[in-house]
Chemist: 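I'd like to ask you about the structure that follows.
Counting starts at 1 for both ligands and their atoms, in listed order. The shown structure was predicted, so the numbers you read here are calculated from the model rather than taken from an experiment.
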Amino acid sequence: MHNLEPAAILDGLRTRWLGQRIVYHETVNSTNSVAKTLAEQAGTEGTLVIAEEQTAGRGRLGRMWLAPRGTSLLFSLLFRPDLSASRTPALNMICGLGIRQAIRELLNLPAQLKWPNDITVRGRKLGGILTEMSTTGKRVDYVIIGIGLNVNLTPAMLPREFNATSISQELGRKASRLLLLQAVLWHIEQRYTALCHGKWPAQEWASALETLGRCVSLRTSQGTWRGVATGIDDEGALMVRLNGGQSRRVLVGDIMPADEPTGEGPAAGPHIAG
Ligand code: BT5
């Protein structure tokens, strides 16, 4: 299989600017941390930070990201979007959509997205996106998008409760991390350019979310509820109709499919609220 050194990545990379500057480490604490430091030191938009192994890979809300060395794609992208802080969820959306499209087109796997930041195949987690940003007032200084994708690993290498899968597990053979990375970067660049030209991704993102229209169990810092995920709003917040009847708008949280019927009849299809 190909290695992920900069010369290999650049050879065949079709993007104009995304990933054209590369910081490569064999081992690093977290590619997001390296990218943050770079961003603070006036690093260029589009810089790719990539590693074979992370010693302190991060998920959201203080959680960890685990990936056996050399098996995965672990990278971060530095963006300096001309967006107000409340509009930055669009970057999570375009990256999720770009990853999904790359996996579908290159590998013919039925990749889906799960609110707010998971990439899934057949209901199992294949990857995740971690967005971190710095703002001054309402202005965005930079956004770091960290992406972890399980490529050539068996789920048994990870704790069972992760409910993880990988590209090789789904395909029944190993896949080229390099080709997948190049395709992901290409699709993200295309979508970022469209975003800069005013194409808002929320509608397409909503239709790529596996969980809309379904009964879910919703976990937030304020508690756990059950209800139907009815849609998302323009900022990527999830709209949930709770079993009690009220609606709730959730910006930060996790959802799990909940199989029990809510007794409220079939849910409406995916839509954008507000
Ligand atoms: C995420 O967080 O899914 C975002 C993960 C982002 C990782 C990338 S790797 C490159 C960059 N540098 C970093 O330090 N991070 C980014 P969250 O939704 O909070 O999910 C975290 C949860 O996913 C954990 O608590 C585990 O349950 C599960 N998990 C951890 N590693 C996993 C893996 N390899 N595959 C599937 N699930 C995993």
Chemist: Tell me which part of Asn117 gets within contact of ligand 1: side chain, backbone, both or neither, using heavy atoms under 4.0 Å.
Modeler: side chain
Chemist: Looking at ligand 1, is there an atom of it that comes within less than 4.0 Å of some heavy atom belonging to Glu161?
Modeler: no
Chemist: Hey, is ligand 1 close enough to Gly146 that some N/O pair sits below 3.5 Å?
Modeler: no
Chemist: Is ligand 1 under 4.0 Å from a heavy atom in the side chain of Leu158, in the backbone, in both, or in neither?
Modeler: side chain
Chemist: Quick one: which ligand 1 atoms are inside 4.0 Å of a heavy atom on Thr31?
Modeler: 10 (C), 11 (C), 12 (N)
Chemist: Using every non-hydrogen atom in the two residues, find where Gln169 and Pro155 come nearest and quote the distance to one decimal.
Modeler: OE1-CD, 3.2 Å
Chemist: List ligand 1 atoms under 4.0 Å from Ala164, heavy atoms only on the residue side.
Modeler: 35 (N), 36 (C)
Chemist: Determine whether the side chain, the backbone, both or neither of Arg60 has a heavy atom under 4.0 Å from any heavy atom of ligand 1.
Modeler: both
Chemist: With backbone taken as N, CA, C and O and side chain as the heavy atoms from C-beta onward, which portion of Leu61 lies under 4.0 Å from ligand 1: side chain, backbone, both, or neither?
Modeler: neither
Chemist: Taking the minimum heavy-atom distance to atom 25 (O) of ligand 1, which of Arg124, Arg58, Arg63 ranks first?
Modeler: Arg63
Chemist: Val184 versus Trp186: any side-chain heavy-atom pair under 4.5 Å?
Modeler: no
Chemist: Can you find an N/O atom of Asp254 closer than 3.5 Å to an N/O atom of ligand 1?
Modeler: no
Chemist: Can you measure from OG (Ser176) to CG (Leu106) and round to the nearest 0.5 angstrom?
Modeler: 8.0 Å
